[in-house]
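Since the structure comes first, as structure tokens, the remarks are kept for the end.
Just the heavy atoms: all of them, side chains too, but no hydrogens, waters or symmetry mates, feed the values below.
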Amino acid sequence: MTAAGLLARLTATPDVYPQKLEVVRDALLAIEFTQAAYRDASFLDDRILGPATRGGWLPIDRVLEAARQVENPRPLHFIFHTGHVGSTLISRLLDEADDVLPLREPLPLRTLAEALDVLHRPESLLSPERFNALLAGMTRLWSRGYTASKCVILKATSSTGRLAPALLAQPGVRAIYVNQCAESAIATLLAGANSPLDLRGHGPGRIQRLCARLGPLTPLYELTPGEMAAMSWLAESLCQHEVVTQFPAQVLQVDFDEFLGNIADGMRRVLGQFGLAAAEETVSRLAGSPVLMRYSKAPEHPYGPALRQQVLEQTRREHRVEIGRGRDWLDRLAQTHEAVAAVLS
């Protein structure tokens, strides 16, 4: 398809998806996509690309012009979360409501979060005005829906919660913020086979943001796995605390352990937060959905609440010492930082 054809369809339909934003080349990769593909995708990053993908790079100024002409935008809402706390499960349950277009972890959101980190600094490639234009353009493109779409619900990447204030400042935006208590979070972060890789991979960015809030901290190379898990939880939880404090009327906090304890009530609250019908038949259907018995990020694998609890109990036994070290690290910080104490309480 030609660039002109992509731009024309970008204005009219979600069947052309803005997959990647590159600030360096001032361009956006637009690809052909389908309603079924949105529902299937756990991540809208490069994992959705393949040999059969059709699309092309477009000049960003042309994209922004097209975004301003989007037809019939839907309400755009957000699922923010602190990482590994069931946000994908909630997103997939919302799919079952039938009137939601899901966007799970779009790559341009991470690009904009990284651009925000250096905004107003000499190394920024974007002026504040240009950043705001890109943010407005992307949110306009994300708001496109299909005929039956009452709203679009974007599930953010955990580390992009720092963009929440800019997104929530736009008219009509509502959100949920999913988290769990520190002990459960540390156990969850230590449970997976890839946990060390995940913690180390995200560690530099998280501790950098944490130091910006709290001042100098123990370097990553001195942290034990449990302490690194605690640091990861704290970095995202402080972000959540700031967002909820700033936008209390727009953000619903969801504790994932409480959600699993009463899924019907949890979904009733989530549906209401997003202005979606919460009829008892709908709530009952979602609370018994087969989605609950699959691993949300890879639905081909079985993984229900009971198995999750078994995994956490085993992790608590095997990593008892590290979980304790993580809690102690948080408690020490809470003694000298009111913000940490507030999050822990």
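No salt bridge links E280 with R285; every basic N to acidic carboxylate O contact stays at or beyond 4.0 Å. A salt bridge links R316 and E183; the closest N-O separation between the charged side-chain nitrogens and carboxylate oxygens is under 4.0 Å. Salt-bridge formation is not detected for the pair R325/E227: no Lys NZ or Arg NE/NH1/NH2 atom is positioned less than 4.0 Å from an Asp or Glu carboxylate oxygen. A salt bridge links D257 with R308; the closest basic N to acidic carboxylate O contact falls under 4.0 Å. Between R327 and D331, at least one side-chain nitrogen of the basic residue sits less than 4.0 Å from a carboxylate oxygen of the acidic one, meeting the salt-bridge criterion. A salt bridge links R104 with D95: at least one charged nitrogen is closer than 4.0 Å to a carboxylate oxygen. For the pair R268 and D265, the salt-bridge criterion is met [side-chain N within less than 4.0 Å of a carboxylate O].
A perpendicular orientation is assigned to the rings of Y38 and Y146, their planes being inclined by more than 60° (bins at 30° and 60°).
Placement of F274 and L167 in two distinct hydrophobic clusters is found when ILVMFWY residues are connected by side-chain heavy-atom separations under 4.5 Å, directly or transitively. Placement of L7 and W57 within a single hydrophobic cluster is found when ILVMFWY residues are connected by side-chain heavy-atom separations under 4.5 Å, directly or transitively. In terms of hydrophobic clustering, with Ile, Leu, Val, Met, Phe, Trp and Tyr side chains grouped at heavy-atom distances under 4.5 Å, V85 and V311 are assigned to different clusters. In this structure, V254 is not a member of the same hydrophobic cluster as V243, with clusters built from ILVMFWY side-chain heavy atoms closer than 4.5 Å. Note on W142 and I153: separate hydrophobic clusters, where clusters join Ile, Leu, Val, Met, Phe, Trp and Tyr whose side-chain heavy atoms are under 4.5 Å apart, directly or indirectly.
When the side chain to side chain donor-acceptor pair (under 3.5 Å) test is applied to D26, the partners found at least two apart in sequence or on another chain are R130. In this structure E281 satisfies the side chain to side chain donor-acceptor pair (under 3.5 Å) test with no other residue, sequence neighbours excluded.
Atom NZ of K297 is surrounded by more than 12 heavy atoms from other residues, nucleotides or ligands within 6.0 Å.
Grouped with V343 in one hydrophobic cluster are I186, L189, L190, L199, I207, L210, L214, L217, L220, L223, M228, M231, W233, L234, L238, I323, W329, L330, L333, V340, L344, the linkage being side-chain heavy-atom contacts under 4.5 Å among Ile, Leu, Val, Met, Phe, Trp and Tyr residues.
Checking R209, R213, R162 one by one against E242, the salt bridge (charged side-chain N to carboxylate O under 4.0 Å, His left out) holds for a single residue, R213. Among V178, V291, I79, L154, the one residue that satisfies the side chain to side chain contact (heavy atoms under 4.5 Å, CB included) test with S91 is I79.
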Quick one, M138 with L112, criterion side chain to side chain contact (heavy atoms under 4.5 Å, CB included). Give me CA distance, side-chain angles, the key distance, then yes/no. CA-CA 9 Å; M138 289 308 307; L112 289 168; 4.1 Å; yes

